[in-house]
Structures are given as C-alpha cells and as structure tokens.
Amino acid sequence: MSAPLEIHVARKVYRGAEGGTVEAVRGLDIAVPAGGFTALIGPSGCGKTTSLRILAGLDHDYEGRVVLAPGARIGFVFQEPRLLPWRTVEENVRLVLDDPRGFDPGPLFAELGLDEMARRYPTELSLGLARRVALARALAIRPDVLLLDEPFTSLDETTAGRLRQLVLAAWARYRPTTLMVTHNVREALQLAERIVLLAPRPSHVVAEIPLETPHAERDEAWVEARRTDLVRAHPGLVA
Ligand SMILES: Nc1ncnc2c1ncn2[C@@H]1O[C@H](COP(=O)(O)OP(=O)(O)OP(=O)(O)O)[C@@H](O)[C@H]1O
C-alpha cells in the first residue's frame, strides 16, 4: 500500500544549550504522490535530515504540519544503520514488527541478498551489508512511506551501485511513497521520479525537477546529460 505524504514547515529552530539558535528550515513545502519516488538534494546542513525526522514524527518541535494517511506505516533508513549489536540480523528486523511471530524473513532476505546473514551479528557485517539489514528492517513493516537518509554514503561505488538496484527493485515491487535524501545527483537521477532541490539553510524548495524517463532507459549518457543541465541551471546547488 502507498500513501501520499506532505510536509509543510513554516519554521524549525534548534535552540542550543547556551541560548543560541539555528534556524534550520523556513517555508518548506514538499508533497510526494502515493507510490512516488522523490529525491531531496541540498547543501550540507540545509535541513534535510531535520525534514525527514519531522515527517517521521520523531520531532514535533516545529511550526507547520505533516499530512499522512491515518495509520500510514513509515519505514526509515537512517544515515547510520543503527542496528542493535547484541541482536542477530534477523532479531534486529523482527524487533520492529507488531507481529514478529507471523513474519517469514525468507523472501525479503533472499531479495536483499541476506539469506546467509540471518544469524550473524551486526559487528560481523560490512557497512554495505549492515545498510541492507537497515533496508530490510524498514521494508519488513511493509511501509506505506519509505524515508531514506543518504542510504549509500561511505560505501564503495560497486557496493553502493548494488544497494541502489536493491532499493529501486524494492520500490518498484512494493511501491511505498519514497523520499530519499542524497548529496549525489547521479544517484538521484538514476533512482527518483522527481528531484526536489533545497536552498542553503534555512531550507526551502528552490526547484522541482520531474524525471519522466523510464528507469530502464537511464543509461550513463542520460544521467550525465541531465546532470550537466542541472549544474547549469542551479550552479552552486548541484555538483
Ligand atoms: N539537535 C540539534 N541542535 C542544534 N542544531 C542542530 C541540531 N540538529 C541539526 N542542527 C543544525 O540544523 C541544521 C540542519 O541540520 P540537518 O542535519 O537537518 O542538515 P542536513 O541537510 O541533513 O545536513 P547534511 O547534508 O550534512 O546531512 C544544521 O545547521 C545543523 O547543524
């Protein structure tokens, strides 16, 4: 199942312990249609993670609103895998489920190349495998909404490429409404149906770029041509 999502943040301010403030977001409005895949790109520190946390209901201290279907299930893949080291891979995934006993990890683990890993502990995994487990944990709840916070950073290009294909395949199969934060324009061009570009802090939307070309037709030449267009159109924001 998919559910549309909207986030409207008039203002989000962080207050430091010593009284200082950081205005992270001002006038941000993003909507993702049900089953869509949107990539969120913006300069470092502009408020992307802040926006995902607000969407996921992890931060209520802001002016604005989030619109989600009642009861929508949200899967969140954080920047770091955040696995419990004293639990096995399978236990880490079961932990987030309402009905862990009714869950058969077989098909999902096979799809993500994790079937040999179920009984391992997170410390035995490479970062790429740990990221796959984090993705499995997010998908296991059959999310209506999938939030991905730079899920491929710090991976070598081969591992990142494989994980991108797994994310794309999972999105195509289950069609959760997906919002992915990334710094990587090529990655956004490969995966998303739309790119939303954010301004430097306090973030707001600068441009929305629809990507209508079918994924199968997005070869390297297409990605490079679109990236060059974006760099020209938004110098300083897209590298
Ligand atoms: N808990 C906090 N307390 C104070 N300031 C914070 C806190 N969390 C984030 N900030 C500040 O708010 C701004 C936005 O942070 P956020 O992590 O959302 O940015 P981001 O776009 O995700 O960054 P990056 O691309 O580097 O991951 C930054 O200037 C950050 O330093």
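Residues: numbered from 1 along the sequence shown. We count ligands from 1, going down the list as the structure has it; atoms in each ligand are counted the same way.
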Please report which non-hydrogen protein atom sits nearest to [atom], along with the residue it belongs to and the distance in Å to one decimal place.
{"atom": "atom 26 (O) of ligand 1", "result": "Ser44 OG, 2.9 Å"}
{"atom": "atom 19 (O) of ligand 1", "result": "Gly47 N, 3.2 Å"}
{"atom": "atom 25 (O) of ligand 1", "result": "Lys48 NZ, 2.7 Å"}
{"atom": "atom 24 (P) of ligand 1", "result": "Gly45 N, 3.5 Å"}
{"atom": "atom 15 (O) of ligand 1", "result": "Thr50 OG1, 3.7 Å"}

Check your understanding: Relative to ligand 1, is Arg201 under 4.0 angstrom through side chain, backbone, both or neither, heavy atoms considered?
Key -> side chain
Review point. Is the cationic atom of Arg164 (NZ for Lys, CZ for Arg) positioned less than 6.0 Å from the six-membered ring centroid of Phe152 and within 45 degrees of its normal?
Key: yes
Check your understanding: Is the Lys NZ or Arg CZ of Arg175 less than 6.0 Å from the centre of Trp171's six-membered ring, within 45° of the axis?
Key -> yes
Per-atom contacts, ligand 1 versus [X] - under 4.0 Å to a heavy atom:
{"X": "Gln79", "result": "27 (O)"}
{"X": "Thr49", "result": "17 (O), 18 (O), 20 (P), 22 (O)"}
{"X": "Glu150", "result": "25 (O), 27 (O)"}

Looking at ligand 1, is there an atom of it that comes within less than 4.0 Å of some heavy atom belonging to [X]?
{"X": "His183", "result": "yes"}
{"X": "Cys46", "result": "yes"}
{"X": "Gly16", "result": "no"}

Exercise for review: Taking atom 31 (O) of ligand 1 as the reference point, report whether a protein heavy atom occurs under 4.0 Å from it.
Suggested key: no
